[in-house]
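Below is one structure; the comments refer to it alone.
Just the heavy atoms: all of them, side chains too, but no hydrogens, waters or symmetry mates, feed the values below. It should be emphasised that the depicted structure is a prediction, and the values quoted were computed from it without experimental measurement. We name chains A, B, ... by the order of the sequence lines, and we start the count at 1 in each one.
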Protein chains: 2
Amino acid sequence: MPFQRLPDSPRGHITREALIQAALGIFGRDGFDAASTRAIAAAAGANQALIGYHFGGKEGLYLAVFEHIADRLGEQVLPVATSIKAQFQGRGTRTLNREARIGLYLPPLLRLLDTFTAVLVGEEAAGWARLILREQHSPSRAFDVLYARIMGPLTDIVGQLLAGAVGGAPDATRINLLLFTTLGQALTFRAARASVLRRMGWQEIGPRELAAVQGQIRRNVAAIVRAEAGR
Amino acid sequence: MPFQRLPDSPRGHITREALIQAALGIFGRDGFDAASTRAIAAAAGANQALIGYHFGGKEGLYLAVFEHIADRLGEQVLPVATSIKAQFQGRGTRTLNREARIGLYLPPLLRLLDTFTAVLVGEEAAGWARLILREQHSPSRAFDVLYARIMGPLTDIVGQLLAGAVGGAPDATRINLLLFTTLGQALTFRAARASVLRRMGWQEIGPRELAAVQGQIRRNVAAIVRAEAGR
DNA sequence: GTCTATAGTCGGATAGAC
DNA sequence: GTCTATCCGACTATAGAC
């Protein structure tokens with residue numbers, strides 16, 4: 001007996017979503033402090049007082065924006081990540097030799113990094129980046145949301161793949177250093193974007209440039225993993 | 001006949017410096033928008049109206065802060081960089097074989113990266129980072145100052161060392177991709193600091209942690225360079 | 001749930017005395 | 001060069017009608 005579930009009070013729900021969407025854009029463009037609730041309300045086509053009603057205030061809206069970011073990021077990178085994870089469920093690595101380990105774990109690692117890089121330099125992440133980097137500098141409750149839902153699961157999986165490829169415990173310091181130096185290779189193209197564009201002479205990081213970046217990261221990570229596995 | 005040179009109007013000069021110093025701290029902690037000229041003046045022990053007098057306004061002070069950052073960064077990384085550069089003045093790379101190139105260019109590259117990493121994760125860069133990352137997202141005139149005086153020269157030298165080690169033109173796309181993926185390995189530990197600390201279980205990135213990071217980056221870059229030079 | 005109106009604050013800039 | 005005093009705009013939050 002299939003029937004359409006009614007969203008609880010449709011009007012309010014629509015307003016909420018519009019405000020979050022607008023806030024994402026304005027917070028992302030101007031940063032938390034420079035963004036005004038007036039501008040957000042205007043962009044959402046909603047009344048400024050409704051921010052107080054729906055989210056309690058500017059900070060509450062900011063937190064709701066991070067929930068939204070976590071949703072979207074989760075949709076984009078976690079499916080790839082968890083499908084890979086499932087593939088290796090409960091598989092021991094002790095029995096494999098060096099070449100077998102690399103052959104098994106490196107390809108999915110490189111695929112996951114491709115996805116991560118694409119999301120990171122993509123259009124949509126531009127606004128998120130400013131907010132996320134702000135949280136990295138002075139973490140608030142929003143960082144907890146982000147870490148629990150995205151950073152944690154993501155680093156877990158990349159760490160497991162790295163550990164599988166080079167051998168060792170997934171949470172050992174050595175693997176974690178490998179992990180962050182690996183992710184950092186992609187992160188630069190977002191965090192140091194202006195410097196990259198200026199030196200490269202690029203106007204944007206479009207599909208062509210993305211492919212070049214992904215290729216370089218692939219080669220780098222392959223080289224690193226082979227070197228680290230070689231002892 | 002040695003005599004003390006009088007700074008041009010001593011009082012004003014002292015006030016200027018105090019304001020810049022205070023602004024560095026407050027802009028760095030709170031960001032440009034959240035920082036107030038009142039708080040900066042208070043921290044400097046100066047009068048709020050003097051910001052207008054000396055710098056024309058908040059934005060002028062912000063720019064002056066970047067000049068200061070460029071000064072300090074220049075003192076910390078450029079000496080190492082230029083001493084290395086002098087060492088390779090006018091040296092051609094065509095005549096060297098693979099092993100000779102690596103032996104010649106890799107060690108100074110790794111030394112320079114050590115310095116870069118140390119400065120980046122160091123205490124003093126904490127405040128700068130927020131401001132610099134903001135400029136990477138939406139570059140203003142302050143970015144021009146920073147790029148011309150620091151990022152440009154630094155990337156030039158690292159690019160030359162990489163080009164020397166793997167062979168090729170220093171400004172080719174391939175070298176530039178190598179360059180940014182290399183620098184990015186250090187950048188993460190500043191830009192994604194909160195995530196690093198949480199996953200690593202570190203309280204701070206002190207001398208011990210810095211050494212571990214530097215070691216990993218050394219091994220990574222060595223592996224990458226050897227792989228890239230190998231064709 | 002949505003609106004108007006406004007209270008209450010705080011910010012950057014600046015005039016003008018010293 | 002430095003200070004006090006103040007202007008004026010912009011902001012967030014909220015009271016209260018609908």
TODO: Please test B:Asp33 against B:Arg134 for side-chain contact (heavy atoms from CB on, under 4.5 Å), starting from the C-alpha separation and ending with a verdict.
DONE: CA-CA 11 Å; B:Asp33 299 293; B:Arg134 174 193 141 103; 3.4 Å; yes
Open item on the list: Expressed as a whole number of angstroms, how long is the span from B:Leu50:CG to C:dA15:P?
Closed with: 15 Å
TODO: For A:Asp114, enumerate each residue passing the salt bridge (Lys or Arg N to Asp or Glu O under 4.0 Å) test, keeping only those at least two apart in sequence or located in another chain.
DONE: A:Arg218
Open item on the list: Please confirm whether the shortest side-chain N or O distance from B:His13 to OP1 or OP2 of D:dG1 is below 4.0 Å.
Closed with: no
TODO: Indicate the atoms forming the closest heavy-atom contact of B:Leu24 with B:Val65, along with that distance.
DONE: CD1-CG1, 3.7 Å
Open item on the list: Apply side-chain contact (heavy atoms from CB on, under 4.5 Å) to residues B:Asn220 and A:Leu178 and explain how you reach the verdict.
Closed with: CA-CA 8 Å; B:Asn220 290 356; A:Leu178 261 180; 4.0 Å; yes
Task: Side chain of B:Gln48 - closest among D:dA5, D:dT2, C:dT2 - done: D:dA5
Open item on the list: Output the rounded distance in Å from CZ (A:Phe27) to P (D:dC11).
Closed with: 13 Å
Task: Candidates C:dT2, C:dA13, D:dT2 - which lies nearest the side chain of B:Lys58 - done: C:dA13
Open item on the list: Please report the distance, rounded to the nearest Å, between CZ in B:Phe55 and C1' in D:dG1.
Closed with: 13 Å
TODO: Verify the neighbour count for atom CD of B:Glu59: are there more than 12 heavy atoms of other residues, nucleotides or ligands below 6.0 Å?
DONE: no
Open item on the list: For DNA chain C, which residues of residues 32-40 of chain B approach it to below 4.0 angstrom with any heavy atom?
Closed with: B:Ala35, B:Ser36, B:Thr37, B:Arg38
Open item on the list: I'd like to know if the side chain of A:Thr37 pairs up with that of A:Gln48 as donor and acceptor (distance under 3.5 Å, no hydrogens or angles considered).
Closed with: yes
Task: Given D:dT2, C:dG1, C:dT4, the nucleotide with the shortest approach to the side chain of A:Ala49 - done: C:dT4
Task: Atom pair distance, as rounded to whole Å: CG in A:Leu61 and C1' in D:dC11 - done: 15 Å
Task: Value in whole Å for how far the P atom of C:dG12 lies from CG of B:Leu19 - done: 13 Å
Open item on the list: Among D:dC3, C:dT2, D:dG1, which nucleotide has an atom closest to any side-chain atom of A:Thr15?
Closed with: C:dT2
- [ ] May I have the distance from A:Tyr53 (atom OH) to D:dT14 (atom C1'), rounded to whole angstrom?
- [x] 14 Å
Task: Whole-Å distance separating the CZ atom of B:Arg16 from the P atom of D:dG1 - done: 10 Å
Task: Polar side-chain atom of A:Lys58 near backbone of A:Phe32 as donor-acceptor pair, under 3.5 Å - done: yes
- [ ] Nearest whole angstrom, please: distance from the C1' of C:dA13 to the CG of B:Asn47.
- [x] 13 Å
